[in-house]
Amino acid sequence: MERLKQILSKINGKGYKAYKELQGKSFKFPDFELWFYHVQGDPFAAPSQLAVRVPQQWAGFPLESYQPKIRKITLADYLTRSFYSQVGKLPRQKQGSGKSGDFQIDRPGQEVLERTSVMLNEHWVELRFFAGMPAAGRRILGHEAEKMLFDELPKLVLNSLFYANLNSGDLFTHLKVVEDQEVLRRQLSENGLVAFVADGSILPRKSGVDQRPLAPEKAIAFEAPSDLALELKCPHGGNIRGMGIPEGVTLIVGGGYHGKSTLLRSLELSIYNHIPGDGRERVVANPNAFKIRAEDGRRVEKVKISPFISNLPLKKDTQKFSSDDASGSTSQAANIIEALETGSQVLLIDEDTSATNFMIRDARMQMLVAKEQEPITPFIDKVQQLYRDQDVSTVLVIGGAGDYFDLADTVLMMGKYRPRLVTEEARDIACQHPNYRKQEAGTNFGGLQERVPQPESINPYRKNNVQVKAQGVEGLQLGYENIDLHYLEQIMDPSQARAIGEMICYALRKKIIDGQQNLKEIIEQLEQVIDKNGLEAVSPNPQQPRGDFARPRPMEVAAAINRLRTLIVRVKT
Ligand code: ADP
Ligand code: MG
């Protein structure tokens with residue numbers, strides 16, 4: 001501590017670069033050790049990456065709060081939130097320029113994700129945060145830095161990283177609620193389900209830009225229809241009644257504004273665990289469920305979209321379909337094939353964000369436009385094949401196309417936000433009012449192709465440096481390229497986007513992307529590395545640990561690679 005004080009008073013008033021003297025150093029405080037992993041070069045640049053490490057014997061977290069692994073992830077999430085909220089309580093009389101005096105840490109949303117912001121084990125708890133080292137203009141404000149590190153920081157640490165100072169009831173609720181979700185999710189496949197929505201769940205959100213739950217007085221709590229209800233068992237919550245969505249083809253029908261999309265959206269995000277009070281903490285979906293939508297304008301590289309699209313004008317290849325500007329239907333077809341390629345077992349589709357001509361071609365249109373003149377085999381003619389041949393289930397929101405009744409295994413109707421099972425009614429209607437459209441699909445779905453990314457087509461360098469930058473959850477800058485993540489609606493945290501970028505770089509460095517392995521093998525190998533060595537393993541520089549990664553699903557990593565505009569793949573034959 002004294003040494004740090006000396007350095008700060010020595011560099012006081014000097015140019016900002018003098019802070020660099022701290023980089024790589026650590027200092028002992030009474031309650032913790034402070035590390036300067038990376039020091040910013042400019043008060044206006046990204047703040048410095050610091051960390052505090054508290055010996056576990058002082059931090060005092062009981063073993064059951066961080067074992068098994070799911071609890072470790074959840075405790076780390078809890079501590080990140082706790083530090084974040086403590087920072088919010090600091091008085092904000094900011095002194096100095098740029099980010100001077102700021103403390104920052106990852107801000108978790110409604111999901112509990114594996115993160116690098118807090119690392120812990122039986123020896124210590126380490127919390128990584130960003131600090132804007134104070135300056136006036138570009139002159140170091142040593143005294144301000146002293147105030148920050150010697151007054152504010154120890155209080156933050158004491159209030160957020162010491163078990164004795166936390167609300168242990170609240171913490172254990174956090175741990176139990178997440179653990180229950182894991183257990184619920186694990187029971188899905190043995191019960192033949194793709195998803196489960198517990199009674200009492202609150203699915204709607206506060207607003208389009210606020211992921212917190214809609215206020216209880218405005219929201220209608222979910223209630224399972226008796227004919228789809230079942231009970232699942234949780235270690236902490238006991239028996240939980242709710243609606244099981246079976247494998248196969250499920251339609252969610254109902255009038256406009258009756259809650260169809262809201263239900264689907266909650267399934268999309270229930271691949272993740274939610275925090276207590278979210279309203280979806282007892283909603284779980286198959287962890288491989290993937291949202292499919294139209295995404296016109298996207299890049300597509302040699303994807304076999306031929307199950308859906310063939311005979312394009314000018315004899316364009318649909319066995320190895322490439323486009324720099326895919327249409328609504330071709331992009332949606334590519335999104336499905338790529339999801340299958342990376343192992344998705346459940347497709348989630350909303351009519352609101354689908355290409356109509358991809359979803360349906362009705363009898364009258366079939367009469368006017370002959371099959372020979374229509375490249376698209378609509379999804380309606382493939383959805384059952386997908387289940388039969390590929391074991392891939394679909395949950396589909398559809399309010400407009402009753403032709404789907406013929407193919408549905410389950411039909412769920414939302415009426416005033418309440419679900420009802422109407423499979424029989426829909427079947428009766430389908431019998432009494434046969435539709436005259438012709439089945440257009442061939443006899444089977446056909447196999448998938450292996451696509452092998454070529455390493456030389458992925459360049460993370462900008463001039464001489466690797467550059468990875470997340471633009472919120474909307475985009476990822478990789479070298480000179482921008483990968484559009486906007487339509488990957490299951491990426492929820494900018495730190496996931498950042499981690500995706502670093503995982504791609506890691507895969508290049510370690511020759512996991514080697515021009516031989518296919519995309520599935522690449523993401524599986526990355527998973528193994530992270531399972532074994534933690535998310536940290538993909539850090540660009542082990543000397544400078546990072547606190548701003550959150551774990552993405554492997555499918556989103558593949559999806560990001562697939563959207564890289566320079567990507568070239570070789571198709572294995
Ligand atoms: P649909 O897709 O059937 O047209 P949405 O799911 O978009 O309808 O929902 C329409 C509106 O109703 C949204 O503003 C949504 O937040 C709200 N909403 C959805 N579910 C509920 C619910 N259970 N209770 C109250 N409001 C809800
Ligand atoms: Mg809708």
Side-chain angles (χ1 to χ4, degrees), residues 109-111 194-226 228-229 240-245 249-271 274-275 277-285 289-295 328 332 335 346-360 379-380 383 394-405 408 410-423 425-426 486-487 489-490 492:
Q110 297 300 107
E111 294 76 28
V194 298
F196 175 82
V197 185
D199 286 356
S201 295
I202 301 294
L203 307 185
R205 300 294 98 190
K206 214 169 209 125
S207 80
V209 293
D210 188 339
Q211 286 299 303
R212 289 174 298 172
L214 190 62
E217 67 277 9
K218 291 188 198 153
I220 295 184
F222 191 85
E223 199 189 322
S226 57
L228 271 183
I240 295 178
R241 181 184 183 274
M243 177 178 84
I245 298 183
V249 178
T250 300
L251 304 184
I252 301 174
V253 303
Y257 219 73
H258 280 257
K260 303 182 299 296
S261 295
T262 303
L263 172 59
L264 192 82
R265 182 68 181 147
S266 70
L267 303 182
E268 289 164 26
L269 295 183
S270 296
I271 56 166
H274 286 110
I275 56 172
D278 172 77
R280 299 166 299 185
E281 62 270 47
R282 285 172 175 180
V283 182
V284 289
F290 201 78
K291 173 69 181 289
I292 299 293
R293 55 170 296 157
E295 192 179 346
Q332 195 161 0
N335 285 349
V346 183
L347 306 180
L348 305 173
I349 305 181
D350 193 331
E351 62 178 356
D352 292 356
T353 50
S354 292
T356 307
N357 59 343
F358 179 77
M359 299 306 289
I360 180 78
F379 190 68
I380 189 169
V383 66
T394 301
V395 181
L396 190 62
V397 167
I398 203 120
D403 287 357
Y404 269 90
F405 291 173
T410 306
V411 184
L412 196 65
M413 179 146 97
M414 294 303 284
K416 298 190 182 134
Y417 313 122
R418 292 199 165 82
R420 195 155 69 80
L421 185 67
V422 294
T423 313
E425 287 166 69
H486 193 238
Y487 293 119
E489 296 169 303
Q490 291 164 293
M492 290 307 283

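Counting convention: from 1, in listed order, for ligands and their atoms alike.
- Using a distance-only test at 3.5 Å, with no hydrogens or angles considered, a donor-acceptor pair links the side chain of Ser354 to the main chain of Asp350.
- Ligand 1 is never approached by Gly254 to a heavy-atom distance shorter than 4.0 Å.
- Residue Gly255 places a heavy atom less than 4.0 Å from ligand 1.
- Taking any N or O of Leu263, backbone or side chain, none lies under 3.5 Å from an N or O belonging to ligand 1.
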Inset, instruction - Might you work through the salt bridge (charged side-chain N to carboxylate O under 4.0 Å, His left out) test for Asp278 and Arg205, ending with a clear yes or no? - result: CA-CA 9 Å; Asp278 172 77; Arg205 300 294 98 190; 2.9 Å; yes
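- The closest protein non-hydrogen atom to atom 20 (N) of ligand 1 is Tyr417 CD2, 3.3 Å.
- Considering just the N/O/S atoms of Asp352, the one nearest the Mg ion (ligand 2) carries the name OD2.
- In terms of protein heavy-atom proximity, atom 16 (O) of ligand 1 is closest to Pro204 CB, 3.8 Å.
- Near Ser261, the atoms of ligand 1 lying under 4.0 angstrom from a non-hydrogen atom of the residue are 1 (P), 2 (O), 6 (O), 7 (O).
- Proximity to Gly256 (heavy-atom distance under 4.0 Å) selects the following atoms of ligand 1: 4 (O).
- For the pair His258 and ligand 1, a heavy-atom separation below 4.0 Å is found.
- In terms of polar-atom proximity, defined here as any N/O pair under 3.5 Å, Tyr257 does make such a contact with ligand 1.
- Within the 4.0 Å heavy-atom cutoff, Lys218 counts among the residues contacting ligand 1.
- Scanning both residues, Tyr404 and Ile380, for their nearest heavy atoms gives OH-N, 3.2 Å.
- The two residues Gln211 and Gln110 make their nearest non-hydrogen contact at O-CG, 3.4 Å.
- From Leu228, atom CG reaches atom CG of Leu421 across 4.5 Å, with rounding to the nearest 0.5 Å.
- The shortest non-hydrogen separation linking Arg293 to Asn335 is O-ND2, 2.8 Å.
- A distance-only check finds no donor-acceptor pair linking the side chain of Glu268 to the backbone of Ser266 [under 3.5 Å].
- Which of Thr262, Val397, Ile202 comes nearest to atom 15 (C) of ligand 1 through a heavy atom is settled by distance: it is Thr262.
- Nearest heavy atom pair, residue Lys260 against residue Ile252, reads CD-O, 3.8 Å.
- In terms of polar-atom proximity, Arg205 is not counted as a contact of ligand 1, lacking any N or O under 3.5 Å from an N or O of the ligand.
- Counting only non-hydrogen atoms, the option in Lys260, Glu351, Arg418 that gets closest to atom 3 (O) of ligand 1 is Lys260.
- Within the coordination shell of the Mg ion (ligand 2), defined by N, O or S atoms under 2.8 Å, Tyr257 is absent.
- Residue-to-ligand polar distances keep Ala219 apart from ligand 1: every N/O pair is separated by 3.5 Å or more.
- In this structure, the side chain of Ser201 does not engage the main chain of Val283 through any donor-acceptor pair within 3.5 Å.
- Set against the non-hydrogen atoms of Gly259, the atoms of ligand 1 under 4.0 Å away are 1 (P), 3 (O), 5 (P), 6 (O), 8 (O), 9 (O).
- The Ile220 neighbourhood of ligand 1 comprises atoms 22 (C), 23 (N), 24 (N), 25 (C), with distances under 4.0 Å to a heavy atom of that residue.
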